[in-house]
Amino acid sequence: MTTPSFRDVEKLSTFLDGHLSQAENTRLEARIRSDPSVAAALADLRQARAILRRTPKRHVPRNFTLTPHMAGIRPPVPRLVPALSWASAMAMVLFVVTLGTNLLGQLSFGAAAPMLSAAPMTNENFGVGSGPAGTQAPAADNTQVTPTAEAYIMTAPEATAPGVTRLLPPAAVSAEKAAPEPVNIWLYIWLGLAVMLIAAALLIRQASLQAFRRKVGGKHNP
Amino acid sequence: MDETALIRNAQHGDLDAFNTLVLAYQDIVYNTALRILGDEDLAADASQETFISAFRAINSYRGGSFRAWLLRTVTNACYDELRRIKRRPTTPLEPETEDGDEVESPRWLADPNASPENQLDQAELEHAIQHCLENLPTDFRAVVVLADIQGLDYAEVAVAVKKPLGTIKSRLARARLRLRECLQAFRELLPAAFRLEEERDL
């Protein structure tokens, strides 16, 4: 009787699980019968395995199911949403550019005004300097004697000769009002477009989110 | 729906299908983690992490035993956790007194006379097994937990721990030998467990 080597123990352990070849099985069974130490080692291994197999199973403390958030699933974004958002951003850029241009125009106009009020060639600067308007210069000059620019603005059209007035309407009559108007229309268009596009994007996004929530169940938080 | 169809659907991103698999396998995953880590909270965290990782990597599953594939993930999660604990130990393996001294005889090593032989319950057996498992090197522990406690065959264990069959056989034999020696110390405490085995051997 000899103490089984580790190689024997390994074979016995494999034999216990039924993973030896037929030939190895036969040889080992013969040794188990003839050598009590080998039989004892097999009994030890079997006992260890049997006790381990009786390890109590624990219940899980909670379910380990995944929420979409845990799984890293994000709600799908309809293709239209980024397109609309991009278009809205572009509309906003155009709005800002238009607004800036408009403000710059007004600023330059505002800066020019005091100079104009002091200068005798006011009407020429408004684009009426050519042709018959030239004949108006002395009349305008007379009005410039008034102490304030406001007074000039109020009185200038009245002082203008009737013939000249007829020639001026597109530019001079509404020099302050008519010029910015086309720009103002575009401001409204860009702003309105931007708001509508972003509202459409939000609505589509909301609808797709609701559809996603219905699909994955109300209990999950995306 | 059979397992193959559930796995295929999960691979296409169907979370409900994957969660059906989670419910089917969460017991074995949690119990494996519990036996390797020896701590319920850590085992729960490792189990949750296992299923999150498994869902993200499910397309790497190419057939074979899904159980073994899943248990490979949990084994890796447990190894990571054990490495983390080793780097930053937070709780002692043995209970401590209020003074911070280790208790030499924890509950499962208490005087057997305190408990009548026939009243030794499953908890004592569980504690004894857990104590002996924790005395094993991690690699041996994982193999014996998978083979003898969870009942995986050699091929599945080889997949789960990414080692060749020969290594599995060798580690299992060594682990069983060492556990036998350790459990022998509990023979008087756990006579029912040993007696049942001796009767079975007859």
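Bear in mind the structure is a predicted one, so any value in this text is a computation, not a measurement. Throughout, protein chains are lettered first and strands after them, A, B, ... in sequence-line order, and every chain is numbered starting at 1.
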From [X] atom [atom1] to [Y] atom [atom2], the distance as rounded to the nearest 0.5 Å:
{"X": "Glu10(A)", "Y": "Arg176(B)", "atom1": "CD", "atom2": "CZ", "value": "11.0 Å"}
{"X": "Phe51(B)", "Y": "Met70(A)", "atom1": "CZ", "atom2": "CE", "value": "10.5 Å"}
{"X": "His19(A)", "Y": "Leu172(B)", "atom1": "NE2", "atom2": "CG", "value": "9.5 Å"}

Do you know which of Val9(A), Leu16(A), Leu12(A) has the most heavy-atom pairs under 4.5 Å to chain B?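 Going by pairs under 4.5 Å, I would pick Val9(A).
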Is [X] close to chain A through its backbone or its side chain, or both, or neither, when contacts mean heavy atoms under 4.5 Å?
{"X": "Arg174(B)", "answer": "both"}
{"X": "Glu40(B)", "answer": "side chain"}
{"X": "Val144(B)", "answer": "side chain"}
{"X": "Phe18(B)", "answer": "side chain"}

I want to check something: taking the side chain as every heavy atom from C-beta on, are [X] and [Y] in contact at a cut-off of under 4.5 Å?
{"X": "Leu23(B)", "Y": "Thr65(A)", "result": "yes"}
{"X": "Thr55(A)", "Y": "Asn31(B)", "result": "no"}
{"X": "Val22(B)", "Y": "Asn63(A)", "result": "no"}
{"X": "Arg62(A)", "Y": "Gln26(B)", "result": "no"}
{"X": "Ile51(A)", "Y": "Leu125(B)", "result": "yes"}

Could you pull out the closest heavy-atom pair between [X] and [Y], with the gap in Å?
{"X": "Asp148(B)", "Y": "Arg53(A)", "result": "O-CG, 3.3 Å"}
{"X": "Ser13(A)", "Y": "Tyr154(B)", "result": "O-OH, 3.7 Å"}
{"X": "His59(A)", "Y": "Tyr30(B)", "result": "O-CE2, 3.7 Å"}
{"X": "Ala71(A)", "Y": "Arg56(B)", "result": "O-NE, 4.1 Å"}
{"X": "Lys57(A)", "Y": "Gln150(B)", "result": "CE-OE1, 4.0 Å"}
{"X": "Phe64(A)", "Y": "Gln48(B)", "result": "O-NE2, 3.1 Å"}

Shorter than 4.5 Å, heavy atoms on both sides: which option in Leu179(B), Ile149(B), Val145(B), Leu165(B) has the most such pairs with chain A? Ile149(B)
Chain A: which of Ile28(B), Leu177(B), Thr50(B) shares the most heavy-atom pairs with it under 4.5 Å? Leu177(B)
Would you mind checking which part of Arg7(A) comes under 4.5 Å of any heavy atom in chain B, side chain (CB onward), backbone (N, CA, C, O), both or neither?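 Contact with chain B: none, neither part.
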Check: Asn19(B) side chain, Leu66(A) main-chain N or O, donor-acceptor pair, under 3.5 Å: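 Such a contact is found between Asn19(B) side chain and Leu66(A) backbone.
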